[in-house]
Novice: 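Encoded as structure tokens, here's the structure I'll be asking about.
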Amino acid sequence: MATRESNEQASGTGRRALLGAAVLGAGGTVLGLAGTAHATRNPGPGHGRGRGLDSLPVSTIIGHRGASGYRPEHTFGSYQLALDMGADIVEAGDLVPTKDGHLVCRHEPEIGGTTDVAGHPEFAGRRTTKTLDGTEVTGWFTEDFTLAELKRLRAVERIPANRPHNTLYNGRWEIPTFEEVLRWQDEQTRRRGKQVWIYPELKHPTYFRKLGLGLEERVAKILRRHGKDRRNSPVILQSFEPTAVQRIGELVGNPLVVLLDAAGTRPWDFTEAGDPRTVDDLITPKGLKEIADYAQGIGPTLNLIIPRDSAGRLTEPTTLVRDAHRAGLILHPYTLRNENPFLPAEFRRGSDPDAYGDVFGAYRAYFATGIDGVFTDHPDTGLLAREEFVNR
């Protein structure tokens, strides 16, 4: 999932107060959660018994970049822990290309904040400034490295001020490729005796297409090679660019989701094409009906579900959940996190930026709107909250 939330850059120091229910065992799993029952409360239009999307529980708990509240994001350590905690789906793969055309899993093409590249003197000359979707960004970019070069790097925690514990794992894992993730998915499905789902995102498709590194064709080719390009395949594809979702939909049959940024913003492919529509247009009944012509769901930022006021407190829910369901779309909003700075103001506890607030209160508020799932950095908390909500 892209960095679309203003609170992504929250900072501070201190030690996280661990949530009582999230007791970590020595192996990194959360005790008592691996067998958490699937909820069936208020199923949306794409849920129920069956295959494909119909096989997913409601509300689906999606491990955002794995269990990124506990391990550096987009690493096999983070992905593995998300499964061990019981996540229904793992967002294994924000997909960006290398110089030689491979697809790797990084939050953004700029990797200065998620790898130890700055500590590699041999790559000092690769640091540069580029314009990414209209914004100048300085750092190191995946498209300037071959896959062999990227494999010399190791992942680090992206927001250490909020997650100091995660820095204990800096340097442990390399950057995974999309093909490695698909093989890992098969291995985990065999080991666990149940289908493991993944939820890759196509990052900045217009930007990469202009560089001659089109993502859609590469993703489609790899999915076809692994036999995971069908309607019931356990791979949901997502992007913030509607035209990219349409393009990939012409190449594969996978379930598709259009990600939606904050109200008033414009998808970058619309900006490039001179299309004046904004997210506000896409979430109208007319806009949702158009999305439903080529996608199965939307992934709105949580503020489109329940806006916050100037003090950061939740206000009244919008009609987006109702309107999307009427259009036949599922909703998987992003991103619910345990740490204080990321929660609505009324659910924060104190001012420590790495302490957990009343995350269960936040889950109750969002689940009550009827969402079909939620991206979370803390899958264990999401599963506990779902069980609490369903059984209350």
Side-chain angles (χ1 to χ4, degrees), residues 1-3 7-19 22 24-30 63-85 87 90-96 98 104-124 126-127 137-142 144-145 147-178 180-181 184 203 335 337-342 352-356 376-380:
M1 190 70 63
T3 303
N7 58 15
E8 282 277 17
Q9 300 302 321
S11 62
T13 59
R15 187 166 300 279
R16 172 185 306 140
L18 289 177
L19 198 65
L24 295 183
T29 59
V30 173
H64 185 228
R65 308 173 198 157
S68 54
Y70 305 107
R71 300 290 187 272
E73 64 192 32
H74 286 315
T75 61
F76 280 117
S78 183
Y79 298 159
Q80 189 75 31
L81 184 56
L83 289 183
D84 290 344
M85 287 180 166
V90 180
E91 191 196 26
D94 283 342
L95 302 178
V96 293
T98 66
V104 296
C105 304
R106 285 293 85 193
H107 171 51
E108 289 287 339
E110 198 291 299
I111 56 174
T114 61
T115 74
D116 61 0
V117 64
H120 285 256
E122 70 272 28
F123 297 137
R126 307 279 178 92
R127 190 171 188 269
V137 179
T138 298
W140 292 263
F141 295 80
T142 59
D144 296 331
F145 291 77
L147 178 59
E149 290 173 330
L150 286 179
K151 284 294 187 180
R152 290 154 61 181
L153 307 179
R154 292 296 179 268
V156 300
E157 172 55 37
R158 183 175 59 86
I159 47 175
N162 298 106
R163 294 168 180 172
H165 177 75
N166 286 12
T167 63
L168 296 173
Y169 302 96
N170 285 354
R172 181 169 297 192
W173 293 290
E174 63 181 27
I175 298 174
T177 68
F178 187 38
E180 289 169 344
V181 163
W184 169 83
K203 304 290 294 195
T335 308
R337 300 175 168 94
N338 288 2
E339 295 92 357
N340 269 329
F342 306 122
D352 191 338
D354 68 325
Y356 290 169
T376 174
D377 291 8
H378 305 81
D380 54 336

Novice: Under the criterion side-chain hydrogen bond (donor to acceptor under 3.5 Å, both in side chains), which of R106, H74, R158 is the partner of T114?
Specialist: R106
Novice: Go through the side-chain N and O atoms of H378 and E339 and say whether any donor and acceptor fall under 3.5 Å apart.
Specialist: yes
Novice: Where is the tightest heavy-atom contact between Y70 and Y169, given as atom of each residue plus distance?
Specialist: O-CE1, 3.9 Å
Novice: Any side-chain heavy atom of H165 within less than 4.5 Å of one from D354?
Specialist: no
Novice: Measure the CG-CH2 distance between N170 and W173 for me, rounded to the nearest 0.5 Å.
Specialist: 10.0 Å
Novice: Determine whether a donor-acceptor pair (N or O, by modelled atom type, separation under 3.5 Å) exists between the side chain of N340 and the backbone of P353.
Specialist: no
Novice: Please round to the nearest 0.5 Å and tell me the distance separating atom CD1 of I159 and atom CZ of F342.
Specialist: 4.0 Å
Novice: Is it the case that the side chain of K203 and the backbone of H107 share a donor-acceptor pair, with hydrogens and angles ignored and the cut-off at 3.5 Å?
Specialist: yes
Novice: Can you give me the closest heavy-atom contact between A161 and P164, atom names plus distance?
Specialist: O-CD, 3.9 Å
Novice: Keeping the roles fixed (side chain from R71, backbone from L81), state whether a donor-acceptor pair exists under 3.5 Å.
Specialist: no
Novice: Indicate whether any N or O donor in one side chain lies under 3.5 Å from an N or O acceptor in the other, for S78 and R65.
Specialist: no
Novice: Starting at CZ of R126, measure out to CG of D144 and round the result to the nearest 0.5 Å.
Specialist: 7.5 Å
Novice: Looking at A67 and M85, what are the two nearest heavy atoms and their distance?
Specialist: CB-SD, 4.2 Å
Novice: Side chains of I111 and L150, heavy atoms from C-beta outward: is any pair under 4.5 Å?
Specialist: yes
Novice: Hey, could you give me the OG1/CG distance between T142 and L153, rounded to the nearest 0.5 Å?
Specialist: 11.0 Å
Novice: Does the side chain of V104 come within less than 4.5 Å of V96's, by heavy atoms?
Specialist: yes
Novice: Whether the side chain of W140 engages the backbone of V117 through a donor-acceptor N/O pair (distance < 3.5 Å, no angle test) should be reported.
Specialist: no
Novice: List the atom of A82, the atom of V90, and the distance in Å for their closest heavy-atom pair.
Specialist: CB-CG2, 4.0 Å
Novice: Going by the rule side chain to side chain donor-acceptor pair (under 3.5 Å), which residues pair with R127 if we only count those two or more places apart in sequence or in a different chain?
Specialist: none
Novice: For W184 and Y79, what are the C-alpha separation, side-chain angles and deciding distance, and is it a ring pair (Phe, Tyr, Trp, His ring centres under 6.0 Å)?
Specialist: CA-CA 10 Å; W184 169 83; Y79 298 159; 5.8 Å; yes
Novice: With sequence neighbours excluded, tell me which residues meet salt bridge (Lys or Arg N to Asp or Glu O under 4.0 Å) with E157.
Specialist: none
Novice: Any Lys/Arg nitrogen of R163 or E73 sitting under 4.0 Å from an Asp/Glu carboxylate oxygen of the other?
Specialist: no
Novice: Of all the heavy-atom pairs spanning P176 and V181, show the shortest one and how long it is.
Specialist: CB-CG2, 4.4 Å
Novice: Measure from the side-chain N and O atoms of D377 to the backbone N and O of S68, and report whether any donor-acceptor pair falls under 3.5 Å.
Specialist: no
Novice: Mind listing the closest non-hydrogen atom pair of I175 and C105 along with its distance?
Specialist: CG2-O, 3.9 Å
